[in-house]
**Student:** 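Take a look at the following structure, please.
Both ligands and their constituent atoms are indexed starting at 1 by order of listing.
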Amino acid sequence: MAPHDSEVVEEAMVTLQENKPISTIVIIIAMQTEALPLVNKFQLSEDPDSPFPKGVPWVRYYGMYKDLQINIIWPGKDAVLGVDSVGTISASLVTYASVLALKPDLIINAGTAGGFKAKGACIGDVFVASGVAFHDRRIPIPVFDQYGIGCRKTCPTPNLLKELNLKVGNLSTGDSLDMSPHDEASIVANDATVKDMEGAAIAYVAELLSVPTIFVKAVTDIVDGDKPTAEEFLQNLVAVTAALDQKVTQVVDFISGKCLSDL
Ligand code: ADE
């Protein structure tokens with residue numbers, strides 16, 4: 001087949017994909033506290049025959065909600081330390097394994113985030129990311145610098161944003177809850193409103209595997225405020241999770257019966 005023909009075929013496949021109703025969703029959530037209220041809301045069950053390799057802590061909850069096959073994927077607890085497996089490594093691995101096993105039409109990464117008051121974020125706000133990038137992968141060599149930052153636009157959802165009155169901002173990802181001066185400079189360069197520990201990694205894998213992804217992030221702590229981040233995060237986690245889960249439910253309700261091109 002001539003290169004031109006293969007491009008035409010690929011374009012036609014993308015159009016087909018965008019115009020067929022969304023049927024399978026993977027929702028990736030890093031923390032159990034964030035995931036369980038949604039598991040209950042959608043009346044999902046834990047998969048006794050997990051599609052993941054034996055011995056990994058990753059958990060799949062699944063079930064039908066309206067016309068959608070919903071999968072909530074939680075990376076589980078660290079086998080040695082017993083805490084949630086947060087961060088980019090676990091997020092990348094579960095995204096890769098989930099896409100291969102479940103072939104979703106859409107990924108939603110839902111979770112909490114730090115917000116910047118200088119960019120208009122308040123505790124309890126829920127943002128949809130318009131773009132994602134890393135802030136802790138500094139490689140000061142031409143082109144490698146851009147590879148490290150890994151700046152990506154997200155799947156456009158103009159109707160969803162309008163209908164649900166969601167806030168929009170860039171998301172910056174790194175593997176630390178706190179923020180070093182180097183991180184801060186990169187976050188400012190990324191023009192980020194919210195900061196998390198998974199988003200840009202999930203975006204990288206989703207792009208590799210051509211799965212559109214939406215990032216829904218609720219603000220538990222104000223990074224450029226006066227309170228110590230860890231304290232503020234833990235204090236607000238449960239209440240803000242309720243706001244997050246309410247928005248994620250609205251997002252899923254909106255998606256039901258629609259195609260990617262309707263979002
Ligand atoms: N999740 C919640 N708050 C966060 C923060 N300040 N940084 C990274 N991830 C977060």
**Student:** Can a cation-pi geometry be assigned to K258 and F254, taking NZ or CZ under 6.0 Å from the six-membered ring centre and within 45° of the ring axis?
**Tutor:**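 Relative to the ring axis of F254, which defines the angle, K258 lies inside both limits.
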**Student:** Side chains of D67 and S23: is there a donor and an acceptor less than 3.5 Å apart?
**Tutor:** no
**Student:** Atom CD1 of I255 and atom CD1 of I108: how far apart are they, to the nearest 0.5 Å?
**Tutor:**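 It comes to 4.0 Å.
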**Student:** Between V219 and F127, is any pair of side-chain heavy atoms under 4.5 Å apart?
**Tutor:**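 Side-chain contact under 4.5 Å: yes.
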**Student:** Below 4.0 angstrom from a heavy atom of T229, which ligand 1 atoms are there? Numbered from 1 as shown, please.
**Tutor:** 6 (N)
**Student:** Does NZ or CZ of R137 fall inside the cone over Y147's six-membered ring, less than 6.0 Å from its centre and within 45° of the axis?
**Tutor:** yes
**Student:** Is there any N or O on S176 that sits under 3.5 Å from an N or O of ligand 1?
**Tutor:** no
**Student:** Side chains of S172 and N190: is there a donor and an acceptor less than 3.5 Å apart?
**Tutor:**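 There is such a pair (donor and acceptor under 3.5 Å, judged by atom type) between the side chains of S172 and N190.
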**Student:** Do F134 and L177 share a hydrophobic cluster, counting only Ile, Leu, Val, Met, Phe, Trp and Tyr and linking them when any side-chain heavy atoms are less than 4.5 Å apart?
**Tutor:** no
**Student:** Against heavy atoms of F233, which atoms of ligand 1 measure under 4.0 Å?
**Tutor:** 2 (C), 3 (N)
**Student:** Looking only at protein heavy atoms, identify the closest one to atom 4 (C) of ligand 1 and say how far it is in Å.
**Tutor:**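 Looking only at protein heavy atoms, the one closest to atom 4 (C) of ligand 1 is G114 N, 3.2 Å.
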**Student:** Looking only at protein heavy atoms, which one is nearest to atom 7 (N) of ligand 1, and how far off is it?
**Tutor:** K195 NZ, 2.7 Å
**Student:** For atom 2 (C) of ligand 1, what's the nearest protein heavy-atom neighbour? Residue, atom name and distance, please.
**Tutor:**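 Protein heavy atom at minimum distance: T220 OG1, 3.3 Å.
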**Student:** Just distances here: any N/O of D221 and N/O of ligand 1 closer than 3.5 Å?
**Tutor:**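 It does: an N or O of D221 is found under 3.5 Å from an N or O of ligand 1.
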**Student:** Should one rank I187, V223, D196 by closest heavy-atom distance to atom 9 (N) of ligand 1, which comes out on top?
**Tutor:**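 The residue whose heavy atom sits nearest atom 9 (N) of ligand 1 is D196.
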**Student:** Within a distance under 4.0 Å of any heavy atom of A113, pick out the atoms of ligand 1 and give their elements.
**Tutor:**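 Answer, ordered by atom number: 1 (N), 2 (C), 3 (N), 4 (C), 10 (C).
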